[in-house]
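This report concerns only the one structure given below.
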Amino acid sequence: MQRIGVFVCHCGTNIAATVDVKAVAEALGHEPGVIVSQDYQYMCSESGQNLVKNAIKEHNLTGVVVCSCSPRMHENTFRKAAASAGLNPYLVEIANIREQCSWIHKDIASATEKAIILGKAAVAKVHLNAPLTAGESPVVKRALVIGGGIAGIQTALDIAEAGFDVDIVEKQPTIGGKMAQIDKTFPTLDCAACILTPKMVEASQNEHITIHSYSEVSDVKGFVGNFTVTIKKKARFVDETKCTGCGLCTEKCPMNKVPNEFNMGFDNRSAVYIPFAQAVPKVATIDPNYCMMLKTGKCGVCSKVCSVGAIDYKQEDKLIEQKYGAIVVATGFNPINLDKYDEFAYNQCPDVVTSLELERLMNAAGPNGGTLLRPSDKTHPHKIVFVQCVGSRCDDSKGKPYCSKICCMYTAKHAMLIREKYPDTEVYVFYIDVRTPGKNFDEFYRRAVEQYNVHYIKGMVGKVTPRSDGKIDVQASDLLANEQLHIDADMVVLAAAIEPDKTARPLATMLTTQMDTNDFFTEAHPKLRPVESATAGIFLSGACQGPKDIPETVAQASAAAAKAIGLLVKNSITCNPCVAHSDELMCNGCSSCEKVCPYGAITYIDKEFKMPDRTVAIRRVASVNPAVCQGCGACTVACPSGAMDLNGFSNSQIIAEVDAICK
Amino acid sequence: MLKISLDKLDKLFEAVSASKALYVPTDREDGGAEYRKYESGMKLSSALNTVRSAKDFFFPQTENLVDFKMDGKSIEVIDVREEAEDFVIFGVRACDARSFTILDKVFLAEPVDSYYKNRREHGTVVTMACTRPAETCFCGTFGIDAASPEGDAACYSDGENLFIEAHNEKGQKFIDSVSSLLEEGDTSKLEETRSKTREILKKLPLADLTTDSFGGDKLNEYFNSDKWGVLSESCLGCGTCTFVCPTCQCYDIKDFNTGHGIKRFRCWDSCMYSDFTKMAHGNPRLTQLERFRQRFMHKLVYFPANNNGEFGCVGCGRCLSKCPISMNIVKVMKALEVK
Amino acid sequence: MQEAMINKAKQLLADGIVDRVIGWKRGEFVYDITPAIFETAEELEKDFVYDDFTAANVSKYLVKESKKEGKILAFLKPCDTYSFNQLIKEHRVVRENVYIVGIPGGPKLDAEKIKEKGITGILSVKNENYTLKIETVYGEETMPFYEAVLDKCASCKSKKHMIYDELLGEEGDVLDSNRFDMVEKLENMTAQERYDFWREQLSKCIRCNACRNVCPACTCEKCVFDNPDSGIENKAPADSFEENMFHIIRAFHVAGRCTDCGECSRVCPQNIPLHLLNRKFIKDINTFYGEYQAGEDTTSRAPLNEYKQSDCEANIVHERGAE
Amino acid sequence: MQVNENKEFQPLIVAFCCNWCSYAGADLAGTNRLNYPDNIKIIRVPCSCRVNPMFILRAFQRGADGVILCGCHPGDCHYTSGNYFTRRRMTLLFSMLDFLGIERDRTRVEWVSAAEGAKFAATMNEFTEAVKKLGPNRRLEDLRCRKQ
């Protein structure tokens, strides 16, 4: 039999002025199960709380209803009070008779009547409340950062700085990412390599950081504080521990006509290679697609020249399993493929390049040693046309609906750098809008226009046609002057839209995180939780969450690190006990709940059951991980059999409230 | 025998319904027939029988037994029983008429079911002889003559006139109440019709089905028969057969919380349901095989064992045409019977 | 076709590819055909039937049967393959334990439709050039084949099998059916007319649960209506509200999962057009969220288990059509 | 259903409010002393997606004349996606109720943020008026539950 105490608060005159609190206490005292019903001036005050505590002890209460202000205000207060008096805190319910009654109604009679109904609903609910205990789940004090670009490096450094072990998984042979390919950075025009490579070295030397280069995440299990991740270390056919990075093998390799992806294919590398001089780890990798030894078994030059015997043609992919408390996703971006953009002649004309290709063409470590030459005939271009928004802000299926955010600024940078170095070169920029919000960004762009006389023309390029004389005819419209233009350019640079890395979607599936339709990871809250994914323990860093420039990426990387550290410093996490749970006898394993869970808290297990007909059967049933579940209840409605229910807001509790209100 | 011309039937209905509720089978738009309370202009159904049996009149699908009024912590018990008003059911077929005898054995035996008895006493059953039995009919198996139905009063049609005779006092009272509309008629054509009907009954596909292999003493013979597995394997466990059956009499008693009180009601239950007769310890019949067996064993063995050999089936054929998977008592009897 | 099926089943049994066969067994009459399991060639020879009255969808039986030892052969009509696919998607059947032979589907006949014509005492029914020759104890009757076709077949959505290991007979196409016509007709009525229509229909309900128990999408271990703790348990409609609620919730629980196999209406002893409720959901899903056919595949997300940010708001219901 | 002195029909309205946005919005309406009718009785749920169609039917069964469901604006759900599921479920449910001839103005979904106290009050005022116009719920009530 329930022994329920009801406590009606006056809240000074806040409630008592419009609600007859005595009448409310009197009426609720007659409800079944209620054995004590009192009113008091300020229930949340020390003495008010004592009233509740004493009543719990004196009457051995099994449930408490406080008719007072919003539960958002004092639910915790009264739960704590109950707990200190030895009553499970989840046996307390609040009837909101202030914000939702006394403050909005003027007529005392009807406000009192409503307060009584709200109180009855709370009594009806508390009848069905079950004592709940917040579970605890230990936290593994190690973080995983997926992606070794500037975002991943920064996050890893910050986490390591706090004293936690952190592993970086990078699919390329070296960390560094896109930033390593960039020449200069806006708006300061300092050299990207000069600011990035010290960080790469720092990461490699930090005792807390382990870099798994040339590796991929192949499986993720577990949940916040306790992920088990399988990392596939791809065979690089070079013993990382032995290789000194001397580079002799790369010089001697006879297969030296492999397109060099680091330089966007503008020059060649050998089959055994180190991506670039400052690569971290500085270890050679054998490209199995080109290596003669691996393909035909005939060659072995690199093995012969290696003085430390690091070459190992028999090396195989290796799976390593590691436990982590937190995972940070930093998988970054790529420019989109421009094959569908025939109008810009990207595939027909070598002098039509993307902005990232231009970075390499202008880079001192690039194919031309930093001299800007046309890829076709290695001559100086004198007229360069930049086309903005190639594939960005597109409403057709060819491109992306969003703004890639960084193009306006890097194009201004390119234009400025070219005008600075080659003042005889004319630069045209065709744009839809110039978007330069950011510290010193607009000033930077205005310098390009005002100081460097870059021709900014509002309008889209309609067609790019390579001509037989080597020039490129650029047909465009100038929207402001309202005229059609033809420019005979030497080079055309396309600001290709950027998109999330292709590895992101399968990764999101493994991590049970959400993605938007463009494959950008979805943050837990667009304003208030921008670096967390909705899945607890998974954080987002850099362009995997949305287009970002370097300063923003680094800021977000550090923010993600801070969130991860906030998790890792805890020895265990307290779980919200108001979580879903599945009645295994009723569950039919249909997976509906799993599909609507935003947190990946539901998994399926095959379990042996004694069936009602005395047989034993293996059944697939849902299992909710209380450490991951956040208690939204989406699964409870998706479940047709009603096997899934929610602690604290159970079907029967809500129905009891409905019944009480409609009585 | 007294008669009334078939085209004056509405006059008879008007007269009866003027003083008490009269229920007649009528056609629904969807092709089925059902009993409806007679109102002017209503046409008597031409269908052989109604989809639901006539047992509803005495044993409705749900019925309120008692109310509890709750006010705060106090509970008051309210007796909802009221004396039923007189009513007449017209057009009951021979099979359904026999079903009342079977239900009486259950509900009127001690302890008497006062709710059932109340309605039974106030209801007059006017039956109607069949002239066009269907292939699913097998009332003859249970000794029922479709051409001479039981009931308080019985009607027979010869295609032009409706003849009516009383079987008891209640029936006589009914006839007396409409005697001004009736006149003495020549039954020679009627006898012809009845013998024709009996000829048809003999030609029906199930005419040779007998109960010879069944009865109260056959428990051991059939309970562990290996036929039950195959017979029940496709049973969906729905309640169609039990709910259209005129003799199924099981019910469940439940409480419904109205918010301001409790209504204790009973409703039909089905032995085909997995929670049938579920008790604190669980369920006595755990598999569909057991539940399926229960239903047919009850009709063919247990019921006759307790009721002087009377079977719990009247051969109306409803389950034959309504079972979603066409499994039925005839198939069970044919599978089990010893030839 | 029946002969070819029996031969196929005998061969698969003989080759040890399957251990059992689920099909249909001959009844007492021409139309009362029962789904059944066959284990030997002799049983098949004796009782296996596939004809114009063989309408029952056997896919739901595979929930149980596929979990037993050995492999079972199931003959699935096109409409049944949708149900089976949906069951695979919801992990209700063990695919590996079922050998599916796709067979041509309907139109199948409805004995009730014949009886509605006043034809009774049926002894045999023969289809001669789409005229039914019906022998009865009262003499021979005829009626056009198409007037006796099951409603579910009259608005057939597909003659194409969505899943099979082997096909017998020709493969058909997905059809451009008129299955939403009645739903549309109701939508165009006034609210009062719709209310009256459904009250008349649903008040016939005797809560026999045939619709639920035959439904291949209703495979819950324990139905909410049988569960005293669910808050909506009820065994018999004691009030018109309960008639409404049962059918609303039943249809809602299969919304986005119902393949429109039509079994619910076929088995309803009271001829309630239950499929209209399911079709209403299907039509709404198609209109609001894009064409979706449950059972077409085994991987797509059910419409109620996914969303788009651009989905319409619920008040679209208030904005549409006449009140 | 309540009948006050001047015999104007007073509908009973159940409002399900998600804890994070709409319930907070209702609190804000209170804090700002924005009046709305006492016909509205709020039930707090963690997220609008917790609301099972059977709760809504239950309310009508027990005598509610209108049911309104409030949640975070699309995109702002505390649980990221709950209200998107709510939107689909309720669109279909309401459409079905409409199909069965239940007055469509008895049900509503409204997105109210924690900052929209004024919107909450205005919505409740509007909804109450709309339900008043319809009169008592007769098509989806359980006669056994009607108050004598």
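All of these numbers come straight from a predicted model, not from anything done at the bench. Naming convention: chains lettered A, B, ... in sequence-line order (proteins, then strands); numbering from 1 in each chain.
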(request) Kindly determine whether A:Asp645 and D:Arg50 satisfy salt bridge (charged side-chain N to carboxylate O under 4.0 Å, His left out), including the steps that lead there. (result) CA-CA 10 Å; A:Asp645 209 346; D:Arg50 177 66 189 91; 3.2 Å; yes
(request) Hey, can you tell me if D:Trp20 and D:His78 have their rings parallel, tilted or perpendicular (30° and 60° cut-offs)? (result) parallel
(message) Less than 4.5 Å to any heavy atom of chain D: does that hold for the side chain of A:Glu523, its backbone, both, or neither?
(response) backbone
(message) Out of D:Arg33, D:Arg62, D:Gln61, D:Arg58, return the one with the most heavy atom pairs under 4.5 angstrom to chain A.
(response) D:Arg33
(request) Under 4.5 Å heavy-atom distance to chain A, tell me which part of D:Phe55 shows up: side chain, backbone, both or neither. (result) both
(message) Quick check on the interface: out of A:Asp107, A:Asp659, A:Ile655, A:Ile661, who has the most heavy-atom pairs with chain D under 4.5 Å?
(response) A:Asp659
(request) Indicate yes or no: does A:Glu75 engage A:Arg79 in a salt bridge with an N to O separation below 4.0 Å. (result) yes
(message) Need one label for D:Ile42: side chain, backbone, both or neither, based on atoms under 4.5 Å from any heavy atom in chain A.
(response) both
(message) At a 4.5 Å cut-off on heavy atoms, which part of D:Phe16 comes close to chain A: side chain, backbone, both, or neither?
(response) side chain
(message) Need one label for A:Lys125: side chain, backbone, both or neither, based on atoms under 4.5 Å from any heavy atom in chain D.
(response) neither
(request) Taking all non-hydrogen atoms of both residues into account, name the closest pair between D:Tyr79 and A:Cys632 and its distance. (result) CG-CB, 3.2 Å
(request) Sort out for me which of A:Glu657, A:His105, A:Gln100 touches chain D most, counting heavy-atom pairs under 4.5 Å. (result) A:Gln100
(message) Can you tell me which portion of D:Ala24 sits under 4.5 Å from chain A's heavy atoms? Options are side chain, backbone, both or neither.
(response) both
(request) With a 4.5 angstrom heavy-atom cut-off, could you sort out which part of D:Val45 is near chain A: side chain, backbone, both or neither? (result) both
(request) Give, as side chain, backbone, both or neither, the part of A:Ala121 having an atom under 4.5 angstrom from any heavy atom of chain D. (result) neither
(message) Please classify the contact between D:Val67 and chain A as side chain, backbone, both or neither, with a heavy-atom cut-off of under 4.5 Å.
(response) neither
(message) Testing the basics here: between A:Ile602 and A:Cys635, what is the closest heavy-atom pair and its distance to 0.1 Å?
(response) CD1-CB, 3.9 Å
(message) I'd like to know if D:Asp38 and A:Lys114 make a salt bridge, using a cut-off of under 4.0 Å between side-chain N and carboxylate O.
(response) no
(request) Sort D:Asn32 into side chain, backbone, both or neither according to what part of it lies under 4.5 angstrom from a heavy atom of chain A. (result) neither
(request) Please list, chain by chain and in numerical order, all residues satisfying side chain to side chain contact (heavy atoms under 4.5 Å, CB included) with A:Cys69, sequence neighbours excluded. (result) A:Met73, A:His74, A:Arg98, A:Glu99
(message) Given heavy-atom pairs under 4.5 angstrom as the criterion, report whether the side chain, backbone, both or neither of A:Asn14 touches chain D.
(response) side chain
(request) Answer yes when D:Glu8 and D:Lys132 have at least one side-chain N-carboxylate O distance shorter than 4.0 Å, and no when they do not. (result) yes
(request) Sort D:Arg44 into side chain, backbone, both or neither according to what part of it lies under 4.5 angstrom from a heavy atom of chain A. (result) both
(request) Give a yes or no on whether the ring-centroid distance for A:Tyr402 and A:Phe520 is below 6.0 angstrom. (result) yes
(request) Count the heavy atoms belonging to other residues, nucleotides or ligands that lie under 6.0 Å from NZ of D:Lys119, then report whether that count exceeds 12. (result) yes
